[in-house]
Amino acid sequence: MATPNSKLSLGGIVRRLTHEGVLSEAIAHEAVKAAQREKQSVVRHIVAQNLANARAVAEAALREFGLPLVDLDAVEPEMMPKDVVSTELMERHHALPLFKRGRRLYVGISDPTNMAALDELKFASGLTTEPVLIEEDKLTKRIEQAVHDAEAGSIAEELDEDLENLEVEEGEQESGEDVSRADVDDTPVVRFVNKLMVDAINRGASDIHVEPYEKYFRVRYRIDGVLLEVSKPPVQMAPRLIARLKVMSRMDISERRIPQDGRIKMKLSRTRAIDFRVNTCPTLFGEKVVMRILDPSSAQMGIDQLGYEPGQKKLYMDALAKPYGMILVTGPTGSGKTVSLYTGLNILNTPDRNISTAEDPAEINLPGVNQVNVNARIGLTFAEALRSFLRQDPDVIMVGEIRDLETAEIAIKAAQTGHLVLSTLHTNDAPQTLTRLMNMGVPAFNIASSVSLIIAQRLGRRLCKSCKTLADVPRETLLEEGFDENEVDSLQVYKPVGCDQCNNSGYKGRVGIYQVMPVTDAIGRIIMEGGTSLDIEDQSRKEGVGNLRDAARNKVREGVIGLEEASRVTVD
């Protein structure tokens with residue numbers, strides 16, 4: 001029961017809320033005490049603890065104090081006065097400048113008793129302040145956004161001095177293209193772009209996504225296969241930032257209607273340079289830019305670091321040792337196919353071999369290998385590049401991707417005439433690769449006599465060794481996931497936790513999950529008899545080749561990946 005003295009302590013909004021039955025007296029008294037302990041506005045405490053609806057509190061304040069109530073959702077951020085007061089003041093006093101009319105500044109607040117906020121904002125701005133009521137939850141969200149935007153806008157001023165020494169070698173400019181840099185040679189923008197690129201490299205990102213929208217602008221990194229938002233610069237910065245990237249990539253900055261491709265080389269030191277493959281795509285509110293980070297060191301990691309199981313590694317090495325035949329690597333975009341192929345090329349790259357590659361474009365620069373970028377606009381297709389290679393005394397040929405029947409036929413002809421051919425296809429698993437070639441129109445005999453090995457792969461996020469911990473997984477769940485009944489009782493399954501070593505994600509790096517299927521005589525007969533991918537899979541299982549899900553389960557048994565990650569990247 002509240003005492004008479006405690007009743008006297010209820011005033012303003014809290015008294016109005018109790019009179020209108022929104023809060024009980026007991027809850028109101030507790031809210032006042034808690035707000036005093038936390039040195040927080042009672043309005044903020046009531047809304048934060050869900051004691052009352054933010055709209056109801058704002059309407060009670062309107063009736064109690066007679067101030068105008070404005071719906072903040074109807075106020076465009078671009079229309080609000082900029083740089084009138086610091087975000088530090090806004091955050092400290094929980095007040096937001098909304099409009100400026102002459103010498104008057106209209107300030108949004110949720111607690112009209114907060115006179116100190118109005119006084120300090122008046123002193124800081126030199127303007128007469130007028131209070132306007134705003135719902136507490138919307139006010140908090142908008143202030144947080146203002147602080148975030150201010151931090152993003154000042155990133156360029158906080159960069160390390162090392163960025164000054166970066167050397168950026170721009171991609172090749174298309175002939176006849178006249179690129180003007182007058183509007184994009186803005187030092188803060190230049191430094192901000194360099195910061196994004198260096199941070200992405202340091203954090204192990206594979207791609208940078210720069211995305212303009214109607215009311216905001218964001219930058220995301222793809223780290224370990226998952227997109228992560230890292231920055232939301234002011235939306236006004238989008239045109240200059242995108243123009244800067246286009247200049248660095250030697251694109252036409254005046255052309256915004258069609259997609260463009262470009263390339264950037266960033267020299268981090270005398271011994272290390274990173275390539276960026278850049279693509280723009282026109283969207284409703286500007287051009288989206290995606291930058292693929294191409295690290296040449298990934299080709300030097302060696303086959304032991306890729307995650308092949310011993311038997312799988314032996315099959316790959318045996319196929320690479322053959323003087324002829326075709327090795328196909330299959331999987332979705334971003335599954336590590338290029339790294340697998342270049343690891344193989346690096347093994348084959350000796351002075352006594354002539355190696356040529358046709359790619360769209362060449363992602364990794366490998367000295368000793370003759371690399372060609374296909375260009376369909378001038379007639380340099382995969383098929384045309386392959387024809388040229390066959391006239392240049394090749395030993396090993398790599399085709400970036402087999403996309404059509406013409407390319408497939410020339411590649412198979414090369415594999416049948418004493419050349420080792422490596423290439424990729426987009427299929428879900430190894431058995432489907434063979435049926436895909438048949439569906440493209442390649443004769444079954446040619447497939448059976450030329451393809452020697454197929455590798456299907458995915459990339460799973462490695463559990464951080466510093467913080468992974470045992471997961472309590474029910475026995476029934478393990479059985480449903482395909483583990484044997486005789487192993488589930490003793491099986492140790494780990495899960496991610498998060499620590500400083502892995503930036504609190506629980507994961508650090510990725511590991512390959514592989515299905516390595518040699519094309520044996522038995523599988524060759526199935527192909528020539530017109531068998532389906534299911535027939536091929538059944539035969540490969542009889543020969544001891546597991547599917548991708550089996551490989552993922554092995555990684556779970558080894559404690560390399562978690563059960564959820566195995567389910568995310570593979571299916572039974």
Side-chain angles (χ1 to χ4, degrees), residues 171-177 250 260-263 265 275 277 279 292 294 296 299 319-330 333 337-426 433 436-437 440-443 445-447 449-455:
E172 293 183 4
Q173 183 175 356
E174 295 294 330
S175 59
E177 195 176 285
R250 285 291 189 177
Q260 297 187 63
D261 291 298
R263 197 178 184 100
K265 181 186 288 288
D275 286 336
R277 189 181 72 194
N279 175 266
R292 169 64 58 88
L294 309 171
L320 289 172
K322 292 181 179 179
Y324 58 87
M326 180 181 287
I327 300 172
L328 294 174
V329 181
T330 182
T333 300
K337 300 187 299 295
T338 300
V339 172
S340 285
L341 285 177
Y342 268 93
T343 301
L345 286 179
N346 201 44
I347 293 169
L348 296 170
N349 188 14
T350 57
D352 60 338
R353 287 192 178 96
N354 177 20
I355 304 176
S356 297
T357 72
E359 302 167 76
D360 184 21
E363 295 190 3
I364 298 171
N365 180 23
L366 196 59
V369 174
N370 307 291
Q371 297 171 276
V372 174
N373 280 334
V374 301
N375 189 339
R377 286 182 297 177
I378 60 172
L380 182 56
T381 61
F382 280 117
E384 193 59 39
L386 281 175
R387 289 192 186 94
S388 175
F389 292 165
L390 291 175
R391 294 191 291 270
Q392 294 217 331
D393 185 30
D395 295 300
V396 179
I397 295 172
M398 196 269 272
V399 188
E401 183 183 348
I402 294 178
R403 299 175 179 171
D404 52 56
L405 177 59
E406 184 181 17
T407 305
E409 287 180 334
I410 299 171
I412 284 174
K413 177 183 176 183
Q416 290 173 330
T417 55
H419 309 94
L420 182 61
V421 179
L422 290 76
S423 189
T424 71
L425 272 175
H426 286 283
T433 304
R436 168 74 189 280
L437 288 172
M440 288 173 66
V442 180
F445 173 79
N446 286 342
I447 299 172
S449 62
S450 61
V451 180
S452 57
L453 186 74
I454 303 173
I455 301 171

Would you please test Thr381 and Thr407 for side chain to side chain contact (heavy atoms under 4.5 Å, CB included) and show each step? CA-CA 9 Å; Thr381 61; Thr407 305; over 6 Å; no
Run the numbers on Lys413 and Glu409 for side chain to side chain contact (heavy atoms under 4.5 Å, CB included), then give the verdict. CA-CA 6 Å; Lys413 177 183 176 183; Glu409 287 180 334; over 6 Å; no
Let me see the working for Leu366 and Ile355 under side chain to side chain contact (heavy atoms under 4.5 Å, CB included), right down to the final yes or no. CA-CA 11 Å; Leu366 196 59; Ile355 304 176; over 6 Å; no
Decide yes or no on side chain to side chain contact (heavy atoms under 4.5 Å, CB included) for Leu437 and Met440, but give the supporting numbers first. CA-CA 5 Å; Leu437 288 172; Met440 288 173 66; 4.3 Å; yes
Before giving the answer on side chain to side chain donor-acceptor pair (under 3.5 Å), spell out for Asp261 and Asn279 the whole-Å C-alpha distance, their side-chain angles and the decisive distance to 0.1 Å. CA-CA 5 Å; Asp261 291 298; Asn279 175 266; 2.8 Å; yes
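Between Asn349 and Gly368 the shortest heavy-atom distance is OD1-O, 3.5 Å. Looking at every heavy atom in both residues, Ala411 comes nearest to Val421 through O-CG2, 3.7 Å. Closest approach of Leu420 and Ala319 over heavy atoms only: CD1-O, 3.9 Å. Nearest approach of Thr330 to His426, heavy atoms of both residues: OG1-C, 4.0 Å. Considering every non-hydrogen atom in both Thr424 and Gly400, the closest pair reads OG1-O, 2.6 Å. A pairwise comparison of heavy atoms in Pro394 and Phe389 identifies CD-O, 3.2 Å as the closest pair.
Note that CD1 of Ile347 and CZ of Arg353 are 10.0 Å apart. Values are rounded to the nearest 0.5 Å. Atom OG1 in Thr433 sits 5.0 Å away from atom CD1 in Ile454 (nearest 0.5 Å). Atoms CD1 and CZ, on Ile410 and Phe382 in that order, are 12.0 Å from each other to the nearest 0.5 Å. To the nearest 0.5 Å, atoms OG1 (Thr417) and CD1 (Ile412) are separated by 11.5 Å. Atoms CG and CD1, on Leu328 and Ile455 in that order, are 9.5 Å from each other to the nearest 0.5 Å. Considering CG of Leu348 and OG1 of Thr343, their distance stands at 11.0 Å, rounded to 0.5 Å.
Counting only heavy atoms from C-beta outward, the side chains of Arg263 and Leu294 approach each other to under 4.5 Å. Looking only at side-chain heavy atoms (C-beta outward), Lys337 and Glu401 stay at 4.5 Å or farther from each other. With a 4.5 Å cut-off on side-chain heavy atoms, Met326 and Ser423 do not count as touching. Side-chain contact between Val369 and Val396 is absent, with no heavy atoms from C-beta onward closer than 4.5 Å. Between Leu341 and Glu359, every side-chain heavy-atom pair lies at or beyond the 4.5 Å cut-off.
When each of Asp360, Leu386, Val399 is tested with Val374 by the rule side-chain contact (heavy atoms from CB on, under 4.5 Å), just one qualifies, namely Asp360.
Without hydrogens or angle criteria, Asn354 side chain to Asp395 main chain gives no donor-acceptor distance under 3.5 Å.
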